Amino acid sequence: MTALALGIHAPDAVAKARVWLKSAQPQSHDQTAWAFENALLAMALDKPDVVSLEQSSEANVVLSSRNRLVQVVALCRGRAVRGGAPPEQLRAETEHAVGVTTRLKRWSHVELLSCHVLLECALGDRSKAKAAIPAIVAHQSDSGSFYDNPVTTALAFLALDSAARDTTHWQKTRQYLTSTQQPDGTWRFCSSDVWDTTLTLRSFRGLPEFEASCAEAAVDFLAANQNEDGGWSFRQGVESDNDTASAVMISLAGRRPPGGATLGGLAYLADQQTSDGLWQTWQSRDDPPVEDVVAHVVSALSLYPFDHDVVLAPARRWLVDRWRARGRWTASWYRGLPYATREVSHALGAHPLVDRALDDLVATRNDDGGWPTVAGEPSSPSATGLVMACMANSGAFDPPTWEAAIDYLVGTQQGDGTWPGTPEMFGPRPLLTHFQTHTQAFAALGLRAARCYQTGGRFGARGTK
C-alpha cells in the first residue's frame, strides 16, 4: 500500500520496496487476507493482472471497509476489478457513509474520507473531493503521519495527492512515509506500547528482578496514558478500546497506580457494557462482541468484585454458548487456539468446558514437545508458552509432557534471551503482524508455568491472568 501511494514521488523508496515485494508471498491463513494482499501486490509490482476481490468477505462488516479500500485503490489506478460493487455504487455508498453520523475509529474515519476523495476525483465532483481534505488533515500529527498507521497514512497520501498535491500536508505525509521505511525496503505496522506493557506486566509479575527494576515504571506509564473516558487504547494517541482497557485492569490488579486509575477503568468498562451484557471490541459500529475481548472484561471485573456492580453472568453464558456452537473458542486479535483458550479459560474458571478445551488444545502437541498456533503447523514458542500457562492454571502436571515442553522452550531461546516468532496478531485485520514483545511475553508465561510444575504450585494467582 505504501509503495503504491508513493509512486513517482519517491522512486528510490519504491524501488527498494519492490525488491522485497518480488520475493514476498501473500498471507494465506485466510482467503480474504490472500485476496487483499494478492491484489495490492499485483498493483505495486505493476503486473497486468485483473484485480480480483472474488475471494474477499464482503459480508463481514469488520472487513467490508478493507474491501472498499482495495477496490478504490484499484479503480484509481485504472485497474479492472473482478468482484466488489460497481464503481458508481461504490461511490454512492462511500458518500453516504461519510454523511452518516456513526462513530468510527479515528483512523477508520480517515480511511473512509480518503476513499471518498479518491472516488470523487476519479468518478465524480473534484470540488467535493477538495472540500473533504480539511477533515482528513485535521487528523494529521506533527510527524506527518495519521496515527502512525502506515496503511491509513498511505491512503491519506493518495487522497492528498489527488486533491491537494504539493501542499504542506502532502509534503509532511510524503516525508513521514519515506523516513519510516526500513532498511529492507518494508514498512512496519504501528506500535502497540500500551498493550505491550500490559502483556509484560502480566507475564513477569512477581519476579523479584522485574518488580524491582521495571514494574513501578510500567504502572506509572499505564496510569499516565489513561484516556479521559477512563479507558485505555492499545497505543498512545487513539481512542479507548475495551480489550486494552480490560487488559490494563488485569495487569494493575493488586497494585497501586497513581491518580485513581483503577476506579476510572472500572467506570469505563461498566459504561461500555451493551444491553445484552456483553462488550464490543471498539466503541464503534463495526466491531461485534468477540470471545477474547469479552473474556478479558470478565476476568478484569472479577478481580475487583467489591468495586463495581456489573453483572457478569450473561457474558459467561455467552462464552459457554460460543464453545457449544463451534466446539472451540476463537480470538479476534490473535490467530489460533492457544491464546483464545487461555484467555477464555481464565474468565470461566472451574468449568467442565474448560477441561474439554484444554484436552483439545494439549492434543495438538508436536513431536518436538512444543505446540503450534494452528494444529498441523510447526511449533512456536509463543503458542507453547500459552499452552503451558493453560495447563499450569488447571493443575495438569503430566511429567513427560512438561519435560518435553520445557526442553522445547529452552532449546528455542536465542542467545540474547529472545525467541523467534511468526506473525500471529491480526492487525490490520485480517492480515497478521508479528510483535517481538508478544512472542517474548507468551514464551515467558511458559517458563513461569514451568516453575509451577517443578514446585508443584498452581499458576493463575491474582493479577497473572
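Please read all numbers here as calculations on a predicted model, not as lab measurements.
- Between Glu111 and Arg106 there is no salt bridge, since no side-chain nitrogen of the basic residue lies less than 4.0 Å from a carboxylate oxygen of the acidic one.
- Partner of Leu113 under the side chain to side chain contact (heavy atoms under 4.5 Å, CB included) criterion, chosen from Leu155, Ile136, Val137, Leu118: Ile136.
- A perpendicular orientation is assigned to the rings of His9 and Phe157, their planes being inclined by more than 60° (bins at 30° and 60°).
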Between Asn227 and Ser233, is the side chain to side chain contact (heavy atoms under 4.5 Å, CB included) condition met? List the steps.
CA-CA 8 Å; Asn227 291 331; Ser233 53; 4.0 Å; yes
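- Side-chain atoms of Thr341 and Ser345 form no donor-acceptor pair, as typed in the model, at a separation below 3.5 Å.
- Around CH2 of Trp34, the count of heavy atoms belonging to other residues, nucleotides or ligands within 6.0 Å does not exceed 12.
- Proximity of His296 to Leu269: side-chain heavy atoms (C-beta onward) are nowhere separated by under 4.5 Å.
- At distances below 3.5 Å, not a single donor-acceptor pair connects side-chain atoms of Ser191 with backbone N or O atoms of Asp193.
- Taking a cutoff of 4.0 Å between a charged side-chain nitrogen and a carboxylate oxygen, Asp46 and Arg77 qualify as a salt bridge.
- Leu112 contributes atom CG, which lies 5.0 Å from atom CZ of Arg68 (distance to the nearest 0.5 angstrom).
- In the displayed structure, Lys16 atom NZ is contacted under 6.0 Å by more than 12 heavy atoms of other residues, nucleotides or ligands.
- Contact check for Ser332 versus Val293: no side-chain heavy atoms found under the 4.5 Å cut-off.
- A centroid separation of 6.0 Å or more is found between the aromatic rings of Phe435 and Phe442.
- Contact between Arg448 and Ser203 at its shortest, heavy atoms only, is NH1-O, 2.8 Å.
- Trp107 has its ring centre no less than 6.0 Å from the ring centre of Phe146.
- Between the side chains of His438 and Ser382, no donor N or O sits under 3.5 Å from an acceptor N or O.
- Partner Pro257 forms a side chain to side chain contact (heavy atoms under 4.5 Å, CB included) with one of Leu252, Val248, Leu222 and no other, that one being Leu252.
- Salt bridge status for Glu291 with Arg316: absent, with no side-chain N to carboxylate O gap under 4.0 Å.
- Of all non-hydrogen atoms in Cys390 and Leu361, the two that sit nearest each other are SG-CD2, 4.1 Å.
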Go through Arg322 and Val344 one step at a time and tell me if the side chain to side chain contact (heavy atoms under 4.5 Å, CB included) criterion holds.
CA-CA 11 Å; Arg322 297 290 282 182; Val344 178; over 6 Å; no
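- Distance check: His346 NE2 to Leu303 CG gives 10.0 Å after rounding to the nearest 0.5 Å.
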Go through the steps for His434 and Thr422 under the test side-chain hydrogen bond (donor to acceptor under 3.5 Å, both in side chains), then give the verdict.
CA-CA 6 Å; His434 175 242; Thr422 57; over 6 Å; no
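- Between the Gln181 side chain and the Ala13 main chain, a donor and an acceptor come within less than 3.5 Å of each other.
- With rounding to the nearest 0.5 angstrom, the CG atom of Leu278 is 10.0 Å from the CZ atom of Arg317.
- Salt bridge present: Arg91 and Glu120 bring a charged side-chain N and a carboxylate O closer than 4.0 Å.
- A donor-acceptor contact closer than 3.5 angstrom links the side chains of Trp170 and Asp161.
- Residues Thr244 and Arg235 bring no donor and acceptor atom of their side chains to less than 3.5 Å of each other.
- Taking both residues in full, the closest heavy atoms of Ala132 and His116 are given as CB-CD2, 3.8 Å, listed atom of the first, atom of the second, then distance.
- Between Gly417 and Gln440 the shortest heavy-atom distance is O-NE2, 3.0 Å.
- At most 12 heavy atoms of other shown residues, nucleotides or ligands fall within 6.0 angstrom of atom CG in Asp309.
- For the atom pair CG (Leu6) and CH2 (Trp187), the distance works out to 5.5 Å, reported to the nearest 0.5 Å.
- Taking the ring axis of Trp329 as reference, the NZ or CZ atom of Arg342 does not stay both within 45° of it and closer than 6.0 Å to the ring centre.
- Only one option out of Thr200, Thr197, Asp196 pairs with Thr437 in a side-chain hydrogen bond (donor to acceptor under 3.5 Å, both in side chains); it is Asp196.
- Rounded to the nearest 0.5 angstrom, Gln236 CD and Ser192 OG are separated by 11.5 Å.
- Panel note: side chain Thr384, backbone Ser380; a donor-acceptor pair is recorded below 3.5 Å.
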Assess whether side chain to side chain contact (heavy atoms under 4.5 Å, CB included) is satisfied between Asn67 and Phe36, documenting all intermediate values.
CA-CA 7 Å; Asn67 195 75; Phe36 288 173; 3.7 Å; yes
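- Note that the CD atom of Glu88 and the CG atom of Leu123 stand 5.5 Å from one another [nearest 0.5 Å].
- Gln89 CD: more than 12 foreign heavy atoms inside a 6.0 Å radius.
- Remark: Glu216 CD is loosely packed, at most 12 non-hydrogen atoms of other residues, nucleotides or ligands lying under 6.0 Å away.
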Go through the steps to decide whether Asp243 and Val297 satisfy the test side chain to side chain contact (heavy atoms under 4.5 Å, CB included), and finish with yes or no.
CA-CA 7 Å; Asp243 200 20; Val297 180; over 6 Å; no
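- A salt bridge is defined here as a Lys NZ or Arg NE, NH1 or NH2 lying under 4.0 Å from an Asp or Glu carboxylate O, and Glu54 with Arg82 meets this definition.
- Within a 6.0 Å sphere centred on CZ of Arg326, other residues, nucleotides and ligands contribute more than 12 heavy atoms.
- Inter-residue side-chain proximity for His29 and Arg335 is flagged as met; some heavy-atom pair is nearer than 4.5 Å.
- The minimum heavy-atom distance between Cys76 and Ala122, with the atom names listed, is SG-CB, 4.4 Å.
- In this structure, the side chains of Leu75 and Arg79 stay at 4.5 Å or more apart for every pair of heavy atoms.
- Of all the heavy atoms in Cys121 and Ala129, the pair that sits closest is SG-CB, 3.5 Å.
- Two residues are said to be in side-chain contact when any heavy atoms from C-beta on lie closer than 4.5 Å; Val73 and Leu158 meet this criterion.
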